[in-house]
**Student:** 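For reference, the structure I am asking about is given below.
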There are 2 protein chains.
Amino acid sequence: MVKRENSKVTIYDVAREAGVSKTSVSRYLGGRYDELSDKTRKKIELAINKMEYRPSTMARGLKSNKSYLIGIIVADINNPYTTAILRGAEDICSQNGYNLMICNSDNNPVKERGYFEMLLSHRIDGLIIHTTGGNHDMLKQMQDQKTPIILLDRKVPDLEIDTVGLDNFQATSQAVNYLVNQNYERIAFFSEPASKVSTRYERRLSFQQTLLGQGHPSSKDVYEVNVDDLNDVDSKLQHFLDDSEGKARVILTANSVVLLKLILLLQEKKLSVPKDLAMIGFDNPEWSTIVYSGITTIEQPTYQIGVAAMEMILRRIDGHESPAQTMAYQAKLNIRQTTPYIQK
Amino acid sequence: MVKRENSKVTIYDVAREAGVSKTSVSRYLGGRYDELSDKTRKKIELAINKMEYRPSTMARGLKSNKSYLIGIIVADINNPYTTAILRGAEDICSQNGYNLMICNSDNNPVKERGYFEMLLSHRIDGLIIHTTGGNHDMLKQMQDQKTPIILLDRKVPDLEIDTVGLDNFQATSQAVNYLVNQNYERIAFFSEPASKVSTRYERRLSFQQTLLGQGHPSSKDVYEVNVDDLNDVDSKLQHFLDDSEGKARVILTANSVVLLKLILLLQEKKLSVPKDLAMIGFDNPEWSTIVYSGITTIEQPTYQIGVAAMEMILRRIDGHESPAQTMAYQAKLNIRQTTPYIQK
DNA sequence: TTGTAAGCGTTATCAA
DNA sequence: TTGATAACGCTTACAA
């Protein structure tokens, strides 16, 4: 049992234990073995293991102007979409010797702002952000400081920033065309407010354009709901139900949070899916396979998106220079039980 | 538009801009206004704002031997249980000027070990861990370095460490008693392997003891499944189904992951819940309210657990000394549609 | 009230 | 092949 006096061992302690200079230890740490005699190397190795020494990232960072920290601000950590991306990003991140600082803005610009400040103070080497859309000045500030930024999913106007996300136009039109071909007479689009969030905006726009292109009457069946207010969701839902009474109808939700709330309300109303109303939703939460024997979903390659965002930012950190890029992934339509074919 | 040459502003830049010394700026940052003349203070304030200066946590940390970083290693970031805890922990954390480093071990001891190394290198001020149970030596090492640790949910033997989690005995026996009173003749307990995970072990033990105490025949209906192998789950499920054929029966799952897999299989088998088989599960994922018109669950105060763990570790970081504590929260039984009363 | 200088744990430069 | 020494951005004695 080693008796330990001071809790954190430093490079100096190791040097003393090994009977060499700090410089030699540093060389060892940097893997520059060609600058070390075998004897010295062995001594250092021994000392490091004996003392359980680990170099301080902080001290290293101070010297090298790198923190080995990558910040990621997500809008909603409760969303399975988010956690899947996090896993992808994290895997790549730690494989490359970086650490992730995960921050959850809860879709709140004020919280988001606070995290910006913190991350800036920690001198993160890069930022991946699923932005609330409310802090463009902060993004600009970070850009000014030459910190690479990758936008996840949601774009921001007027700023040249790399973006990784879904091809919302392809995804939405694919789904809408499918629904039209299934002979639905009324197709509603339910989304959270789209004003500041590009993803929602693009999906809505594509929804309308596709229907217009098909000469379908539903391009006006667009509803914006506040998911934190079930009454609001309820009244919008009821409006669509009344308005489409007797028709073959379906609801397309812009994400799984909206989907969940709607299902909750439909069950309260004792409406059955797909008999009274068909359903399809963006995202592909685990539970979508067990509700209604399987809900038709528009699945994003979430893990892959996380991987791509992290790979992109690591490239930027390594000094890769090029104009801002946008990577848009294709969605996959999972046809399940909630969108049956309607006989005319 | 300010032209910026060097990207990161330092305390020295601010001092020069304000025409004072670094020391004065440092005093300002530390809020020691009584050591500053009004005039100096104003000048510094101006310079800081103009230059968008933010002190470097790294440099500060190096000097003060604090990183303002708290590590949290979770076993499964996909689990809603985990994200709820994360939200609680994070709220308190950022309120106190700390930042969270979230690591996801994926229940893999090797990954967990890697994160230990990294967090140790970052000189985190504290660690909250939902441990895989495979790296006790690392926990000990961290303790030796005087880094406060809080165990989340899962205890480890032989080590004196604060623990925050659920009162698994109360929770399980409450549920089992409820099921016995609902007149179920066969009650099965489905869990992931319990050997290294105290939570699973305690729940299983309590399950068996409670049934034994009631003189109920099901204390042997205990199944351990590997959720990553659906065939394994299927064969265990089938075993119980065959064995309990014709009886009023119910399955209690030790977490929502197991619950989800079982439901998937039941649907494949075209079995209906609760008619053919009743269900109840630990955790209370959002989707439990919409599947089978509501699944009966044993809900943990997850957000509160996250809050408590973070508060506890902050107290330790602030130097609070006392023997290791255990905080066990009470569970709440949400009685819904999947566990109806059985007429004898 | 202000400033000079040393030091935190590293790495890099330079000289030996 | 080695080791002093300075420097990174900050805080804190200590001095003025």
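Throughout, protein chains are lettered first and strands after them, A, B, ... in sequence-line order, and every chain is numbered starting at 1.
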**Student:** Which part of the nucleic acid, if any, lies within contact of A:T23, taking any heavy atom under 4.0 Å across all strands shown: a base, the sugar-phosphate backbone alone, or nothing?
**Tutor:**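 If one applies the 4.0 Å heavy-atom cut-off, A:T23 turns out to touch a base.
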
**Student:** In whole Å, what is the span from the CG atom of B:N65 to the C1' atom of D:dC10?
**Tutor:**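 B:N65 atom CG is separated from D:dC10 atom C1' by 14 Å.
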
**Student:** What's the CG-C1' distance between B:L62 and D:dC10, to the nearest Å?
**Tutor:**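 About 8 Å, once rounded to whole Å.
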
**Student:** Taking CE from A:M58 and P from D:dC10, how many angstroms apart are they, rounded to a whole number?
**Tutor:**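 Atom CE in A:M58 sits about 14 Å away from atom P in D:dC10.
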
**Student:** For A:D34, report the nucleic acid contact type (base, sugar-phosphate, nothing); a contact means any heavy atom under 4.0 Å.
**Tutor:**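 The answer is sugar-phosphate, as A:D34 gets under 4.0 Å only of primed atoms, P, OP1 or OP2.
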
**Student:** When the distance from CG of B:L36 to P of D:dT11 is rounded to whole Å, what number comes out?
**Tutor:**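 The answer, rounded to whole Å, is 13 Å.
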
**Student:** What is the distance from NZ of A:K63 to P of C:dG9, rounded to the nearest Å?
**Tutor:**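 Checked: the NZ to P distance equals 16 Å.
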
**Student:** Which of these passes side-chain contact (heavy atoms from CB on, under 4.5 Å) with A:I85: A:V164, A:N79, A:L152?
**Tutor:**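 Looking at A:V164, A:N79, A:L152, the match for A:I85 under the side-chain contact (heavy atoms from CB on, under 4.5 Å) is A:L152.
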
**Student:** Regarding B:K140 and B:D137, does a basic nitrogen lie under 4.0 Å from an acidic carboxylate oxygen?
**Tutor:**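 Judged by the 4.0 Å cut-off on N to carboxylate O distance, B:K140 and B:D137 do not form a salt bridge.
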
**Student:** When the nearest nucleotide of DNA chain C is assigned to A:T10 and to B:R27 on a heavy-atom basis, which residue is associated with the more 5' position?
**Tutor:**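 Result: B:R27.
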
**Student:** Could you tell me the separation between the CZ atom of B:R32 and the C1' atom of D:dA13, rounded to a whole number of Å?
**Tutor:**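 It is 11 Å, rounded to the nearest whole Å.
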
**Student:** I want to check a possible cation-pi pair here: B:R60 against B:Y68, using under 6.0 Å from ring centre and within 45° of the ring axis as the test.
**Tutor:**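 Negative - B:R60 is either too far from the ring of B:Y68 or too far off its axis.
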
**Student:** Using a heavy-atom cut-off of 4.0 Å across all strands, would you classify B:R41 as base, sugar-phosphate, or nothing?
**Tutor:**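 Nothing: the residue B:R41, judged by heavy atoms under 4.0 Å, touches no strand.
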
**Student:** Measuring from the side chain of A:S56 (C-beta onward, heavy atoms only), which nucleotide among C:dT10, D:dT2, D:dG3 has the closest atom?
**Tutor:**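 When the side chain of A:S56 is considered, C:dT10 is the closest of C:dT10, D:dT2, D:dG3.
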
**Student:** If you go through the side-chain atoms of A:K22, does one of them form a donor-acceptor pair with the base of C:dT10 closer than 3.5 Å?
**Tutor:**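 A donor-acceptor contact between them is present.
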
**Student:** Under 4.0 Å between any heavy atoms, over every strand shown, what does B:V20 touch: base, sugar-phosphate, or nothing? Just pick one.
**Tutor:**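 Sugar-phosphate, backbone atoms only, no base.
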
**Student:** Of all the heavy-atom pairs spanning A:L159 and A:L139, show the shortest one and how long it is.
**Tutor:**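 So the minimum-distance heavy-atom pair works out to CD2-CB, 3.8 Å.
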
**Student:** Could you tell me if A:N107 and A:T132 have a donor-acceptor pair between their side chains, going purely by distance under 3.5 Å?
**Tutor:**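 No - no donor-acceptor pair under 3.5 Å links their side chains.
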
**Student:** What is the nucleic acid contact for B:S26, judged by heavy atoms within less than 4.0 Å: base, sugar-phosphate only, or nothing?
**Tutor:**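 Base contact.
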
**Student:** Is the phosphate of C:dC8, meaning OP1 or OP2, less than 4.0 Å from a side-chain N or O of B:S64?
**Tutor:**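 For C:dC8, neither OP1 nor OP2 has a side-chain N or O of B:S64 closer than 4.0 Å.
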
**Student:** For B:Y53, which contact category applies under a 4.0 Å heavy-atom criterion: base, sugar-phosphate, or nothing?
**Tutor:**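 It contacts sugar-phosphate atoms only.
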
**Student:** Please determine whether a side-chain nitrogen of the Lys or Arg among B:R32 and B:E35 lies less than 4.0 Å from a carboxylate oxygen of the Asp or Glu.
**Tutor:**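 Yes, charged N to carboxylate O under 4.0 Å.
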
**Student:** Which listed nucleotide (C:dA12, C:dT1, C:dT10) is nearest to the side chain of B:S37?
**Tutor:**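 Nearest nucleotide to the side chain: C:dT1.
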
**Student:** To the nearest Å, how far apart are B:K8 NZ and D:dC8 C1'?
**Tutor:**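 The distance from NZ of B:K8 to C1' of D:dC8 comes to 14 Å, rounded to the nearest Å.
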
**Student:** Give a yes/no on whether any side-chain N or O of A:S24 is located under 4.0 angstrom from OP1 or OP2 of D:dG3.
**Tutor:**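 For D:dG3, OP1 or OP2 has a side-chain N or O of A:S24 closer than 4.0 Å.
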
**Student:** Counting only side-chain N and O atoms of B:R123, is one of them less than 4.0 Å from OP1 or OP2 of C:dT10?
**Tutor:**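 For C:dT10, OP1 or OP2 has a side-chain N or O of B:R123 closer than 4.0 Å.
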
**Student:** Once you round it to whole Å, what is the distance between P of C:dT11 and CD1 of A:I11?
**Tutor:**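 After rounding, the reported distance stands at 5 Å.
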
